[in-house]
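Every chain is numbered from 1, with letters handed out A, B, ... down the list of sequences.
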Amino acid sequence: MLDIIFMALESIMLNKVRSFLTMLGVMIGVASVILLVSLGEGTREYVSRELMGIGTNLLVITPGKTETTGHAPPQSSTSRKLTYDDTMHLKRNAFTLKDVAPIVIGTAKVKYGNRSRNVLTLGITNSFQDVRNLHVEIGSFVSDEDVEFHRKVAVIGRTVKKELFEDENPLGKMVWLSGVKYRIVGIMEKKGVSFGFDIDDLVFIPLKSAQDLFDTDRMTEILAEAINAETVETAKEEIIQILKKRHDNKEDFSVVTQASLLSALNTILKVLTYVIGAIAGISLVVGGIGIMNIMLVSVQERTKEIGIRKAIGAQNSDILKQFLFESTIISSFGGIIGIMSGAGIAYAIPVFFPVVPVKVSLWSVILAFSFSAAVGIFFGAFPAQKAAKLDPVEALRYE
Amino acid sequence: MGETIIEIKSLFKSYHIGHAEVPVLRNINLAVNKNAYMVIKGPSGSGKSTLMHIIGCLDRSDSGSYCFDGHSVEGLSDSDLAEIRGGKIGFVFQSFNLIPRLSILKNVEMPLFYLGIPGRERSNLAKNALSRVGLEHRLTHSPAELSGGEKQRVAIARAIVTNPSIILADEPTGNLDSKTGEEILKIFDEIYREGGTIVVVTHEERVAERGGRIVTILDGEIISNIVMTSTKT
Ligand SMILES: Nc1ncnc2c1ncn2[C@@H]1O[C@H](COP(=O)(O)OP(=O)(O)O)[C@@H](O)[C@H]1O
Ligand SMILES: [Mg+2]
């Protein structure tokens, strides 16, 4: 066995350039599979991490029904709004909810001195901090009283602080928010960019003040946190029940759980990863055809040798093994080099492009390697069979 | 008469070229004893090589019976035939048929490799065989570096390395000048003296004279089968 492997290695080494070029096809195939799957897996991991970071056991309630159910909507269906009272009602009556955080979102022109900046402004309550997992770092956050008394106080993100105040201490300073004076009471912790969106480029103000500012009584969305992971689904049902009762028994809102969102995105990205992996896999097949081609040439060239080997006692199976090992070694070698270069590029990407998420997963490495070996066996089988079946007398006569 | 190793009775073989059937061997009857030195003689195209391939289990006849070492060969599988070739037959060809990319030693080791003999023993046996033909000093050379006579000696070493029951040589001196050819024939003489069984195919009278028995073949038929009066039988 070992001898046959050695023999196959010998003939591969004898034709170094040709063997290498043949390997190249498999190499490129494997490298692209590894690379693309790494990108897909990296993205999936990134999405999971970011999604997990926005809170725990989270449910998001948005106005309007996003899922279409069989029937056409009734004529009178004007999508009703989610109100602050809805929020309060949930907070008081839902057993399965730890906390509820209503949000009103708008854009305000924030002005300090002669600098101004259009910033996404969130009207929130104090519970926002824990539910959304975004905390104040310096100063204080918006309190329940601030909300009740429509106080004109603001907490700003790091980017807003840097753009408007540079090195100045913003605490206690007055800014104009779309023409209304607000006092800055806190600065948020640094969070960075998530899904291409700068979490630090936000201004937080009391919910009721935001309603005044944007002249609306609608909640953009309501975040709710379930007591624990097990109650998330029950919490969803409870929210639906409570809100339906308040909305003329109409489900004119949607409740999405963090978990379902995560699993949906996970599924999409997984399928996407498999698809791009499979597309890259096609190039592996092309590499396999290259191997078959070269092996056929090699069998042709070595017809005489095959005849000699048979004359001195080689079994058909010996000849078969010899060529099969040769093609499998070529493809496996190509596979190993491909894995190394694919993984190498994957690890190098974050060095040059830190925003691109990559993750070299073990399963893709194992899969790509097994696939490359399988390609060698599969595409080597036909030439090897051809060699094994040669008639010894004909083969000996071949010049 | 000693034991027979080869017994062929009314053997026929023909090739098909297009729809035409070309008979190559017709009604061959032949027996070879152990420790015989037989020469099969005949002009080019008379069917000598074809006969030798059949004797050597490389090819099959169309009809007739062939017993090798007491066993009928007709019903055997390709795999069985390969086993006989590997263990009991040693071939020497006109064009040497060494594998050019392998060293002399590796070439001679090869039959042992297919017999499943482990590496170290293989190498020892091969070196032994090479020293019997006087080439123990060229083990690592490639065939291309050798003269024709040396190549044929390597081929003989490869043929005897498994200690086969019979050595089949097809025009072993055909590609050599008469002086080197003579050296090769001397080796055969020696193998024969040591108890080997040899069948040499040739069209040269000079070579035919060495045999103890001369079988003449013409157009696929044996036309004479003469025992020489010398000691060789
Ligand atoms: N594969 C083949 N197909 C057709 N004809 C063949 C084949 N092999 C040999 N022959 C023919 O058979 C005859 C005998 O060939 P061969 O046994 O090689 O003769 P020799 O060795 O005596 O010169 C020749 O006429 C040759 O042309
Ligand atoms: Mg011939």
Exercise. At a heavy-atom separation under 4.5 Å, does B:Arg60 approach chain A through its side chain, its backbone, both, or neither?
Worked result: neither
Exercise. Is it the backbone or the side chain of B:Leu98 that comes under 4.5 Å from a heavy atom of chain A, or both, or neither?
Worked result: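 It is the backbone, since no side chain atom gets that close.
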Are there more than 12 heavy atoms of other residues, nucleotides or ligands under 6.0 Å from atom [atom1] of [X]?
X	atom1	value
A:Tyr347	OH	no
A:Tyr46	OH	yes
B:Phe12	CZ	yes
B:Glu221	CD	yes
B:Phe188	CZ	yes
A:Phe352	CZ	no

For this session: Could you tell me whether the side chain of B:Phe113 reaches within less than 4.5 Å of the side chain of A:Asp318, counting heavy atoms only?
Result: no
For this session: Report the option among B:Ser79, B:Ser49, B:Gly86 that has the most heavy-atom pairs separated by less than 4.5 Å from atoms of chain A.
Result: B:Ser79
Exercise. In Å and rounded to the nearest 0.5 Å, what is the OG to CG distance from A:Ser317 to B:Asp78?
Worked result: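 These two atoms lie 11.0 Å from each other.
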Problem set entry | Contacts with chain B made by residues 290-315 of chain A (heavy-atom distance under 4.5 Å), listed by residue number |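 Within residues 290-315 of chain A, the residues that come under 4.5 Å of chain B (heavy atoms only) are A:Arg302, A:Lys304, A:Glu305, A:Ile308, A:Arg309, A:Lys310, A:Ala311, A:Ile312, A:Gly313, A:Ala314, A:Gln315.
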